[in-house]
Amino acid sequence: MPLLFENLKETLKMSTIELSEQELIRRGSLQKLRDLGINPYPANEFKVNTTASQILTTFNPEEPNLQEVVFAGRLMSQRIMGKVSFGELQDDTGRIQIYISRDEICPGEDKTLYNEVFKKLLDIGDIIGVMGYVFVTQMGETTIHVKEFILLSKSIKPLPVVKEKDGKTFDAFTDPEQRYRQRYLDLIVNPHVKEVFLKRTKIINEMRTLFNERGYIEVETPILQPIPGGASARPFMTHHNALNIPLYLRVANELYLKRLIVGGFDGVYEFAKDFRNEGMDRTHNPEFTVMEIYVAYKDYNWMMDFTEEMIERVALALHGKTILTVGDKEIDFKRPFKRITMFDSILEFTGVDISKMDEQQLRETCTKLGIANDATMGKGKLVDEIFGEKCEGNYIQPTFITDYPVEMSPLCKKHRNNPELTERFELMVNGKELCNAYSELNDPIDQMERFQEQLRLSEKGDNEAMFIDLDFVRSLEYGMPPTSGMGIGIDRLTMLMTNSISIQDVLLFPQMKPEKRAEEDSADKFEELGIPAVWVEVLMKLGYKKVAQLKEVKPSKLFNDLCGYNKKNQLGIPNPAAEDVTSWLN
RNA sequence: GACUCAGUAGCUCAGUUGGUAGAGCACAUCCCUUUUAAGGAUGGGGUCCUGGGUCCGAGCCCCAGCUGGGUCACCA
């Protein structure tokens, strides 16, 4: 914390020397506006009465409506044609052209508002409000004829300028690092980005509507958990000062939702942020969103039907059809999805029947198939490896994989026909896991044994084995109705539904490495050496960013550099004496 | 983590066997009353990612590092 604070202090001290020419000009404009008595950041509410899309879709030039519009938006382009100007304003719904003529804005002798304010002191990126009427230009573009305008917020940093013509984009703002770090910029200049996030919201809303229609209750459960249960994953750790205990950011919310089923809610769901302290790549972000739902008196067969219904409905709500293009593939989300057991799947893709194998035989099979394995891996993990390696990637169309080995599903009820298996399914789409669901284990004795088995795995070296949550077991001892639960990765679902290649494209603020600034000392530190402020600025321009750096230079060279820079840039500062320069460095 | 590609103006990018740092847009000044990635003229703007090295001379070649992208591996 103190470190962050120090950095902030340094940053705030940054002088205008860091600013580009265009930024300096904009700050100059800001001052000129104030000098003209114009507040660049007014406090008043600005009541708009329309939006860009509303104007574009409803304006009727035959019987002109929209003759008194009040509109606000960001100025995205400005085209000045002498006494008349065009521009484009962008609001939440899109862009609309504006038309301004000097003599309407400035009916009297004083043309300052047009010549100075509109033409010179406004910049691309400024947010303005306009009052006027809608008409169609000779070029056929629906336009607001502006009778009055007001500056609502001045922008002092230039936007990337992206232009478009006939679907071709010019100078696109595409650098992924900048786009993700400065998502606000991405959203301003790349309209398709906003679309993705609107769709994401629509997906969530559609699911929520379905659950609410069924009478299931949306709940919130702890993010800070004393025992990070419900999934096999490495958690983030934190510490609670007052209680003086470690707390973990949740890796799942399953155990809490099932406690609620015990408590008498017959259907609960939560859109939950989960956190896993693992690698980051195109499909993994340290924090991600999962929807988990639990319904009493149901089993995993019912849940498969429900999951199909939910996903088909989302696809239809978003696209009006079930066949979507994802990358170079066409995926059909029409019900019903294919169903196959895990053993049959492995048999299909490897020709090996592993259904009767013990741990040793499985290990040999792995080796035979060229799959890395070691002594820490139990039966469940070995099967999981085979499936992950040989089968998973083949399921492009939505497919339910069912009946997982009991070892890899410690929270799942044993299969009604085979105690070696569990009543579990995962939904595979585009070669990736999308959903995971069980007939939930509600036998408390069995649950305790499964947890103990996890403990043994953990002692064997499996660092992902689950923690034991004794209170959860206690809740089961009071009796949980037979229940089916399902979890679905919202980020991955959104990637599929929006044809996004990377999880970063469906997260507004994906996790990034901290932005690094070049280290530099503040002006104060230079001034402490007795260097006048004007020369400190010159030193910075010359590339001396740290006091220590300065100490290594010969005074004579520094003296020459300073005087030379002064002369070359015609700063007109009186040169320092050579002795002064020497004294700074001592 | 491995391999690979990249880092040049506010943005998007050129840059010849190594020889004075470029374009378009943006910006500034001026001209222009319905333009369509708005036109014309002129102009300003650079730590060529950083640090070493080779060389008379490095944006370019070599080494190391930083940052990012991609692929693969790990996490699973």
Side-chain angles (χ1 to χ4, degrees), chain A residues 18-26 28-29 76-88 95 97-105 114-115 119-121 123-125 135-143 145 155-182 185 189 231-234 251 276-284 286 371-372 377 380-389 392 408 426 432-433 436 462-465 501-502 504 512-520 540-545 549 569:
Chain A
E18 299 292 331
L19 299 173
S20 70
E21 184 196 21
Q22 292 191 39
E23 288 172 289
L24 289 170
I25 288 166
R26 287 190 180 211
S29 302
M76 297 305 287
S77 67
Q78 221 182 349
R79 309 184 278 270
I80 292 160
M81 301 290 298
K83 298 187 190 69
V84 128
S85 295
F86 290 85
E88 275 176 302
R95 286 192 189 185
Q97 178 166 270
I98 59 168
Y99 168 92
I100 288 189
S101 102
R102 185 190 70 187
D103 296 327
E104 276 181 280
I105 296 290
Y114 181 78
N115 286 341
K119 274 168 62 177
K120 294 187 184 168
L121 302 181
D123 291 295
I124 290 175
F135 76 111
V136 176
T137 63
Q138 289 175 7
M139 299 300 292
E141 181 150 350
T142 305
T143 300
H145 187 123
S155 160
I156 58 169
K157 220 171 173 61
L159 288 174
V161 179
V162 179
K163 292 185 175 173
E164 207 191 301
K165 162 91 171 174
D166 300 333
K168 264 186 291 181
T169 305
F170 299 80
D171 301 330
F173 180 66
T174 55
D175 176 21
E177 184 185 5
Q178 277 195 71
R179 286 187 45 221
Y180 301 143
R181 272 195 206 289
Q182 298 183 268
L185 266 190
V189 304
S232 310
R234 279 153 61 195
V251 296
R276 296 189 183 174
N277 205 342
E278 294 169 353
M280 287 166 60
D281 60 33
R282 218 177 47 227
T283 52
H284 297 79
I371 297 165
M377 293 161 97
K381 195 137 184 176
L382 290 166
V383 175
D384 195 27
E385 285 295 321
I386 297 171
F387 180 78
E389 196 68 33
E392 188 173 285
M408 45 194 298
E426 289 195 356
K432 281 247 168 354
E433 172 195 344
N436 185 20
D462 183 346
N463 58 13
E464 296 181 339
I501 294 160
S502 158
Q504 294 171 311
M512 304 283 285
K513 277 197 202 176
E515 198 168 1
K516 250 184 85 172
R517 280 184 185 282
E519 276 192 45
E520 57 184 62
M540 298 237 172
K541 279 284 187 201
L542 284 169
Y544 297 104
K545 302 278 186 183
Q549 218 180 337
N569 293 284

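So you know, we letter chains A, B, ... as the sequences are listed, proteins then strands, and number each from 1. Values below: every heavy atom of this structure, side chains too, minus hydrogens, waters and symmetry copies.
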Please state the C1' separation for the pair B:U8 and B:G68 - nearest whole angstrom. 16 Å

Would you indicate what A:F135 reaches in the nucleic acid, counting non-hydrogen atoms under 4.0 angstrom: base, sugar-phosphate, or nothing? base

Which base sits across from B:U17 as a Watson-Crick or G-U pair, both distances under 3.5 Å? none

Can you tell me how far C1' in B:A26 sits from the matching atom in B:G10, rounded to whole Å? 7 Å

Span that lies between the C1' atom of B:C27 and that of B:G45, in whole angstrom: 9 Å

Would you mind classifying the nucleic acid contact of A:I80 as base, sugar-phosphate or nothing, using non-hydrogen atoms under 4.0 angstrom? base

When both hydrogen-bonding distances must be under 3.5 Å and the geometry is Watson-Crick or G-U wobble, what is B:U71 paired with, if anything? B:A2

With side chains defined as the heavy atoms from C-beta onward, is the minimum distance between A:P160 and A:L185 less than 4.5 Å? yes

Kindly point out which of B:U33, B:G10, B:G69 is positioned nearest to the side chain of A:Q22? B:G10

Which pair of heavy atoms, one from A:N115 and one from A:K120, lies closest together, and at what distance? O-CG, 3.7 Å

So what does A:N277 touch, heavy atoms closer than 4.0 Å: a base, only the sugar-phosphate, or nothing? nothing

A:R181 CZ - B:G69 P separation (whole Å): 9 Å

Closest to side chain of A:Q138, choosing from B:U34, B:U36, B:G69: B:U34

Can you tell me the base-pairing partner of B:A41? Count Watson-Crick or G-U wobble geometry only, both distances below 3.5 Å, and say none if there is no partner. B:U29

Between atom CD in A:E23 and atom C1' in B:G45, what is the gap in whole Å? 13 Å

Which one, B:U33, B:G69, B:U36, comes nearest to the side chain of A:P176? B:G69

If you assign each of A:K120 and A:E385 to its closest nucleotide in RNA chain B, which residue comes earlier from the 5' end? A:K120

4.5 Å side-chain heavy-atom contact, A:M512 and A:Q504: yes

Grab the CZ-C1' distance between A:F86 and B:G39 for me, whole Å please. 13 Å

B:C11, B:U36, B:G44: which one has an atom nearest the side-chain heavy atoms of A:Q178? B:C11

By the Watson-Crick or G-U definition, both distances under 3.5 Å, B:U47 is matched with none

Assign each of A:D281 and A:S502 to its nearest nucleotide of RNA chain B by heavy atoms, then name whichever residue's nucleotide is nearer the 5' end. A:S502

For the pair made of CD1 in A:I124 and C1' in B:C25, what is the distance, rounded to whole Å? 10 Å

Residue pair A:S155, A:R26: steps toward the side chain to side chain contact (heavy atoms under 4.5 Å, CB included) verdict: CA-CA 8 Å; A:S155 160; A:R26 287 190 180 211; 3.2 Å; yes

Presence of A:R282 side-chain N/O under 4.0 Å of B:G69 phosphate oxygens OP1/OP2: no

Determine the interatomic distance between C1' on B:G59 and the same-named atom on B:G46; round to the nearest Å. 11 Å

Any N or O donor-acceptor pair linking the side chain of A:T137 to the base of B:U36 at under 3.5 Å? yes

When the C1' atoms of B:A14 and B:C75 are considered, how many whole Å apart are they? 42 Å

Between A:K381 and A:M408, is any pair of side-chain heavy atoms under 4.5 Å apart? no

Kindly assign one of parallel, tilted or perpendicular to the pair A:F135 and A:Y99, based on the angle between their ring planes and the thresholds 30° and 60°. perpendicular

If you round to the nearest 0.5 Å, how far is CD1 of A:I80 from NZ of A:K119? 6.5 Å

With rounding to the closest Å, how many angstrom separate the P atoms on B:G65 and B:U71? 24 Å

Can you tell me the distance, in whole Å, between the CD atom of A:E389 and the C1' atom of B:C75? 14 Å

Considering only atom C1', compute the distance from B:A58 to B:G53 and round it to an integer number of Å. 11 Å

Identify whether any heavy atom of A:S101 sits under 4.0 Å from a base atom; if not, whether one sits that close to sugar-phosphate; answer base, sugar-phosphate or nothing. nothing

Using whole Å, what does the distance between atom C1' of nucleotide B:A26 and atom CD of A:E88 come to? 15 Å

B:G24 and B:G39, which share atom name C1', separated by this distance in whole Å: 16 Å

Please give, in whole Å, the distance from B:C74 P to A:D384 CG? 13 Å

Partner lookup for B:A58, please. Criteria are Watson-Crick or G-U wobble with both distances under 3.5 angstrom; report none if nothing qualifies. none

NA contact type, A:R26, heavy-atom cut-off 4.0 Å: base, sugar-phosphate, or nothing? nothing

Round to the nearest Å and state the distance from A:M81 atom CE to B:C31 atom P. 14 Å

Could you give the distance from CD (A:E104) to OH (A:Y114), rounded to the nearest 0.5 Å? 11.0 Å

Nearest-neighbour nucleotide for the A:F173 side chain, B:A28, B:C11, B:U36 considered: B:C11

